[in-house]
Novice: 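This is the structure I have questions about; it appears just below.
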Amino acid sequence: TFAVSSQALAAEAEQVETLRVQELEQRLLVLERKLEIQNEEAAAKAKDAPVVTAGEKGFSLKNAKGDYEIKFSGLAQIDGRYFIGDDSAFRDGFQARRLRPTIQGNLGKLVAFRFTPEFAGSGFGEASGNSIVDAYFDLKFSPAASLRVGKQKGPIGLERLQSGGSIELIERGFPTELVPNRDLGVALFGELAQGTVSYTVGVFNGTADGRDVAAADDGLKEYEGRLFVEPFKNDYGFFKGLGFGIAGSTGVKDGTGANLLPRYRTPGQNVFFNYGETAGATGYFATGSHNRYAPQAYFYRNSLGLLAEYVASEQTIARTNGGAEQSLSNTAYSVTASYVLTGEDASFKGVKPSKPYAIGGDGFGAVELVARVGNLSIDDDAFVGTAATRLANPDVSAKKADSYGLGVNWYLTQNAKLSADYNETRFEGGAAAGADRNTEKALFTRLTIQY
Amino acid sequence: TFAVSSQALAAEAEQVETLRVQELEQRLLVLERKLEIQNEEAAAKAKDAPVVTAGEKGFSLKNAKGDYEIKFSGLAQIDGRYFIGDDSAFRDGFQARRLRPTIQGNLGKLVAFRFTPEFAGSGFGEASGNSIVDAYFDLKFSPAASLRVGKQKGPIGLERLQSGGSIELIERGFPTELVPNRDLGVALFGELAQGTVSYTVGVFNGTADGRDVAAADDGLKEYEGRLFVEPFKNDYGFFKGLGFGIAGSTGVKDGTGANLLPRYRTPGQNVFFNYGETAGATGYFATGSHNRYAPQAYFYRNSLGLLAEYVASEQTIARTNGGAEQSLSNTAYSVTASYVLTGEDASFKGVKPSKPYAIGGDGFGAVELVARVGNLSIDDDAFVGTAATRLANPDVSAKKADSYGLGVNWYLTQNAKLSADYNETRFEGGAAAGADRNTEKALFTRLTIQY
Amino acid sequence: TFAVSSQALAAEAEQVETLRVQELEQRLLVLERKLEIQNEEAAAKAKDAPVVTAGEKGFSLKNAKGDYEIKFSGLAQIDGRYFIGDDSAFRDGFQARRLRPTIQGNLGKLVAFRFTPEFAGSGFGEASGNSIVDAYFDLKFSPAASLRVGKQKGPIGLERLQSGGSIELIERGFPTELVPNRDLGVALFGELAQGTVSYTVGVFNGTADGRDVAAADDGLKEYEGRLFVEPFKNDYGFFKGLGFGIAGSTGVKDGTGANLLPRYRTPGQNVFFNYGETAGATGYFATGSHNRYAPQAYFYRNSLGLLAEYVASEQTIARTNGGAEQSLSNTAYSVTASYVLTGEDASFKGVKPSKPYAIGGDGFGAVELVARVGNLSIDDDAFVGTAATRLANPDVSAKKADSYGLGVNWYLTQNAKLSADYNETRFEGGAAAGADRNTEKALFTRLTIQY
């Protein structure tokens, strides 16, 4: 009976054991399921969770699907500017050149937007005129065809299309003086042939050369267009970084004032030409067609960058509304070369330092050398005639400006850049009694912060 | 002994087994507790986690409790405007009509704020005057009584109180020309009777008709108020969408200039009336009381919307400070009807498309037709007298303007709207030698982006 | 055989049991590992997750590492201003005094930035001049030495350096009229000796007394510096809250206009002194050196606050460029005392209520009483000479202004403050025929919202 009773006990124990194990199995099942559910929930939540970004590329909020996004970025440039041997004709000193907080983003798959006010400007410390740099909306029908509505860059000048935070020298060169800055209108743009061809065609209110005008001053329009090809963009060969194109505009301007007539400036940002008998005059009249054409190219290969463009701008001008009019063709060109000493790649969008400068660290950032030559030539006919008949005064406005510039850019990080440039510009005419305007020697320094 | 020893072995095995099961139970307990803790922690964390929103309703950051929130939104409108047969008296072209990024939010349960600068404006491309549209703070004591301090909409015009992104036609109608735009002051507002009654009473610096003035030009005040009733708001009957009310202002104005004297504009935004002998003059004087009253109503039922308002504005004016003064009463009315072809509900706050337009999708958005008639009549007494005594010149300013408008709104998505309007305005007087000012035919188009 | 077979069965059952337990162990192991992995993943994710903040201290996005951050904050002040018994020489009414949304943050360890536009200003309701208050970048080399580049506060006046949301009375006192407001330049600043010593030295474009000028009007520079000591800052004794220092500037100004010549205002913000024969004239010339020195101190102990400063500003002025010049020294002082009735600590940065006001709650906020005396004295030599030779006209500009002010601040929450002040200013000279300008009695009220 001992065996039997012990057997019975064992069986009982076994049964208890079995129950305990069954219970364990049950609890384990529950736990496994719980963990599964937890993981599923976490995954679902992560899938729906908005995405917040904060880093060197900026700050943004995005929904989980990614079609709604708002991004906060900014570009600020504080300059120290000195003119050498100029007897203080130009003001030396500190200047806030660009203060541009930007809000951009996507509102669903169809709509993208960019809004950039400018808080710098002449005398920005006092009550002053702020303005809008960019305020546009893209209706993104396809990569091959989107519609940009609003204030945007006129699609003509190559250096003009480069971001203000990425230009190689502190101020853009002469061709930029002949093309629209920003304009208000509607443009169709897109990329074709695997992105090797990009185009823009648009209708705008129309701007005087080098001006940022958005108002419809004369009710007349300007048509602007650009075709740019990067044939080897998707290859890995020598010419991968080659791009070239042609841009132009055609339109009619009718009226007077700064919004319809140009003035031309040096790389030191001083006006050396305007229509009229006196410096700064804007009282003559645009009385007809205004056409521009602008061949352009760039080439980036490892640390080397080259950028060249030419612009001709032909506009009909008269001293009075209805008076004798002349079609004058002013031209400009510029060639810029850059080389990144620290070995990073040169590009149209600037240099990204491979080892950013860090306090107490071993990174130094990237250093780039830049050189540029350029010329702006006024149509000789502008100066033909007497003080009573000619369109420009050779004792006030120069006929030609030749400039060369040298610069160095120190990219401390992707967000901070220190620049120093020297630009020298020589003139033909522009001073009293047929003399040449004094050579301008501009030493500019700049801190650029962008994110 | 075999049985015994086998029994002993079995018992031993059982003991081992039991220990393993006990250990398992122990580990399972630990695991269950861990998962529990993890869930509790996750729940606690979720409860404290700030909430980020990104979507068609905008972009926001909010604390877990929900009483602190900042929201980024925006309203932008880019117009193409054309005046038919006007011999370019008015400027055709593109125009940025509204560029209004907005920051709004809550700072605890007590304080809410809204800050909306305006970056559009005349000649916004050049250095220009930006201004503040809204800059106010609500002290939210209760739904029945909150205090709004700062620059805000004057609570008189019904269409004026409609958001600029929701108005039915591209520009508001005549009554809006007679009521304050924005003003600076303090207002008490709230909702009573389950939200069926809303009221606002406030004291402000005071604005000329149709002006946006925040400066205290004359040190005198204007009292403004509005009572609006939606008696069936909480029912589901035919009149659910009916609202009506009365608004008005009383105050004193003393001085001269654009901040104290009105000019009246057409739906094409061209001035057709001002006090003085010449167009655009603002040199006459406000010399006393200025009162307005404005009955108003709307009715929304399914796809149909109706909005009607009348305004009378009575102001004391004189040619010189201390000269003979006259109290003139100018009046305006407007009736607007809208119908959503695609079946969505019409509302005071605009139309939300049930099937938003999607590229390659089957949604098309919502389409709405709009019609409006309106009139603005100047007090006859304004024109009585000679060029040396009268307050307005009938050869320069029209006595009456009648306008009708037709429009179509295509709500692509909740964020994007395309609009096209035709407005025709006929005048009585306003041209040389007693003739009528030319009929204005305005064809306006607009892209509205809001979020 | 029964025993044996039962033994066999038992053994078999045991084997089954063992297998089940083994399986359980296996599953448990898997589960334990899964939970471990999940926790590790969650921890890793939390470590990389950007940090969103929303609360009474503002709204921000930060990366996990904490070196990239953008923060949205704001300061708004809406005033109601009344001048007692002034026959409406000054405008009573509502005024938006400060509307300053701010974006600030860090772009990596090296770069910090602050950008604050001002949307208030004279006539801000109309198209008007907005301006930039702060737009600077800090290159943070170390706590002992950082470089601030851009538009920033001139480091001279003690009350000027206090935030506009934290000043004790509604407008700052007389010394602030003699020191730079904001200026554009480069400053080196830092803290030494465990933070008990702070210093700033900088070179700026230079500003007229009390002006906010960022333009380089004359191409000349101003050097500004400040040394401030809080010797017991890190102790817990009676003098813990004591700070004192000396600041000053030296520079040269050459030219005419509002950016180079000062005007001095009362705490009621009305101009009572300017160079020239007529009120508001700015046509005289700055023709040489301009130096300031400014001893200053504060003391905070529990609810009590004391702030005192003195400024002397010595500038060379002439009626015409090249004409007879005089070096004039104008001086100002101010002593401000404050006491927090509700027991919170007074501080240079304002009062934080221990029990914020809550609707239906028992918190009331903090209440503070403030008193101030001050004086501004013009150099007697300014008034010496005839109307044809003197630099200031005693019938137009006062020689001396004495002011006292009383105020109460109710800090409802950390974000909302209601203030009411009475300031009375008595003058010596400044009215026709050698009489004294009328005593100014200013009753100001203000709602401050900041976050």
Side-chain angles (χ1 to χ4, degrees), chain A residues 3-4 7 10-11 14 17-18 21-22 24-25 28 31-32 35 38-39 42 51-56 58-61 72 74 76 78 80-81 83 88 90-96 99 101 117 119-120 122-130 356-359 412-416 447 449 451, chain C residues 3 6-7 10 13-14 17 20-21 24 27-28 31 34-35 38 50-52 61-63 68-70 103 105 107-111 113 115 117 121-122 128-132 135-137 139-142 149-151 182-186 204-205 212-219 221 258-259:
Chain A
V4 170
Q7 275 171 21
E14 265 171 51
E17 200 71 18
T18 303
V21 169
Q22 277 174 350
L24 273 178
E25 284 175 334
L28 200 54
L31 206 56
E32 283 169 341
L35 197 64
Q38 203 189 53
N39 282 335
V51 181
V52 173
T53 309
E56 59 185 12
F59 302 88
S60 67
L61 306 180
F72 304 97
I78 310 289
R81 303 184 155 205
F83 293 92
S88 76
F90 309 123
R91 284 176 181 166
D92 297 344
F94 300 106
Q95 185 182 333
L99 290 174
F119 286 93
S122 58
F124 83 108
E126 286 290 286
S128 76
N130 307 325
Y357 175 82
I359 299 156
L412 287 89
T413 69
Q414 205 176 335
N415 303 118
L447 170 62
I449 304 288
Y451 63 93
Chain C
S6 91
Q7 277 170 16
E14 268 170 46
E17 200 69 21
R20 288 175 71 182
V21 170
L24 273 179
R27 284 165 60 190
L28 200 55
L31 205 57
K34 268 190 190 166
L35 197 64
Q38 203 190 51
V51 181
V52 173
L61 305 180
K62 192 158 61 171
N63 69 346
Y68 278 85
E69 182 178 19
I70 192 170
I103 307 173
L107 302 170
K109 284 186 189 308
L110 182 64
V111 180
F113 70 97
F115 175 68
S122 55
S128 74
N130 305 326
S131 66
I132 294 300
Y136 60 75
F137 302 89
L139 299 177
K140 300 177 294 180
F141 296 110
S142 86
V149 180
K151 195 175 178 199
R182 262 78 172 184
D183 204 347
L184 189 61
V186 177
F204 297 91
N205 279 338
D212 177 340
V213 184
D217 280 272
D218 55 2
K221 297 287 144 294
N259 287 353

Novice: Which residues satisfy the side-chain contact (heavy atoms from CB on, under 4.5 Å) test with C:K34, sequence neighbours excluded?
Specialist: A:L35, C:V30
Novice: Considering only heavy atoms, which portion of A:P101 lies under 4.5 Å from any heavy atom of chain C: side chain, backbone, both, or neither?
Specialist: side chain
Novice: In Å and rounded to the nearest 0.5 Å, what is the CZ to CD1 distance from C:F113 to A:I449?
Specialist: 9.5 Å
Novice: C:Y136 versus chain A, heavy atoms under 4.5 Å apart: side chain, backbone, both or neither?
Specialist: neither
Novice: Taking atom CG of C:L110 and atom CG of A:N415, what is their separation to the nearest 0.5 Å?
Specialist: 9.5 Å
Novice: What pair of heavy atoms forms the shortest contact from A:A416 to C:V111, and how long is it?
Specialist: CB-CG2, 4.0 Å
Novice: Just so I know, are the side chains of C:L24 and A:E25 near enough to count as touching, which here means a heavy-atom distance under 4.5 Å?
Specialist: yes
Novice: May I have the step-by-step check of side-chain contact (heavy atoms from CB on, under 4.5 Å) for C:V52 and A:L61, ending in yes or no?
Specialist: CA-CA 10 Å; C:V52 173; A:L61 306 180; 5.7 Å; no
Novice: Side chain, backbone, both or neither: which part of A:Q22 has an atom under 4.5 Å from a heavy atom of chain C?
Specialist: both
Novice: Counting only non-hydrogen atoms closer than 4.5 Å, does A:L28 touch chain C with its backbone (N, CA, C, O), its side chain (CB onward), both, or neither?
Specialist: both
Novice: Rounded to the nearest 0.5 Å, what separation is found between the CG atom of C:N63 and the OG1 atom of A:T53?
Specialist: 10.5 Å
Novice: Is it the backbone or the side chain of C:I103 that comes under 4.5 Å from a heavy atom of chain A, or both, or neither?
Specialist: side chain
Novice: May I ask you to name which of A:N39, A:T413, A:L31 has the most heavy-atom pairs under 4.5 Å with chain C?
Specialist: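 Looking at each option in turn, the highest pair count goes to A:N39.
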Novice: Which of the residues A:Q38, A:E56, A:Q414, A:R81 is involved in the greatest number of heavy-atom pairs with chain C at under 4.5 angstrom?
Specialist: A:E56
Novice: On a heavy-atom basis, which atom in A:A96 and which in C:L184 lie closest, and how many Å separate them?
Specialist: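 Result for this residue pair: N-CD2, 3.5 Å.
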Novice: Is the number of heavy atoms from other residues, nucleotides or ligands under 6.0 Å of C:K140 NZ greater than 12?
Specialist: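 Yes - once you tally the heavy atoms of other residues, nucleotides and ligands closer than 6.0 Å, there are more than 12.
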Novice: Given that the side chain runs from C-beta out, which part of A:L412 has a heavy atom under 4.5 Å from chain C: side chain, backbone, both or neither?
Specialist: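 Contact with chain C is through the side chain of A:L412 alone.
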Novice: Tell me whether the rings of A:F59 and C:Y68 are parallel (<30°), tilted (30 to 60°) or perpendicular (>60°).
Specialist: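 Ring orientation of A:F59 relative to C:Y68: tilted.
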Novice: Can you tell me which portion of C:F141 sits under 4.5 Å from chain A's heavy atoms? Options are side chain, backbone, both or neither.
Specialist: both
Novice: Who pairs with C:K62 by side-chain contact (heavy atoms from CB on, under 4.5 Å), at least two apart in sequence or on another chain?
Specialist: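 With sequence neighbours excluded, C:K62 shows a side-chain contact (heavy atoms from CB on, under 4.5 Å) to C:V51, C:E69, given in chain and number order.
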Novice: Can you tell me how far CG of A:D92 sits from NZ of C:K221, rounded to the nearest 0.5 angstrom?
Specialist: 6.5 Å
Novice: Got a donor-acceptor contact below 3.5 angstrom from the C:N205 side chain to the A:F94 backbone?
Specialist: yes
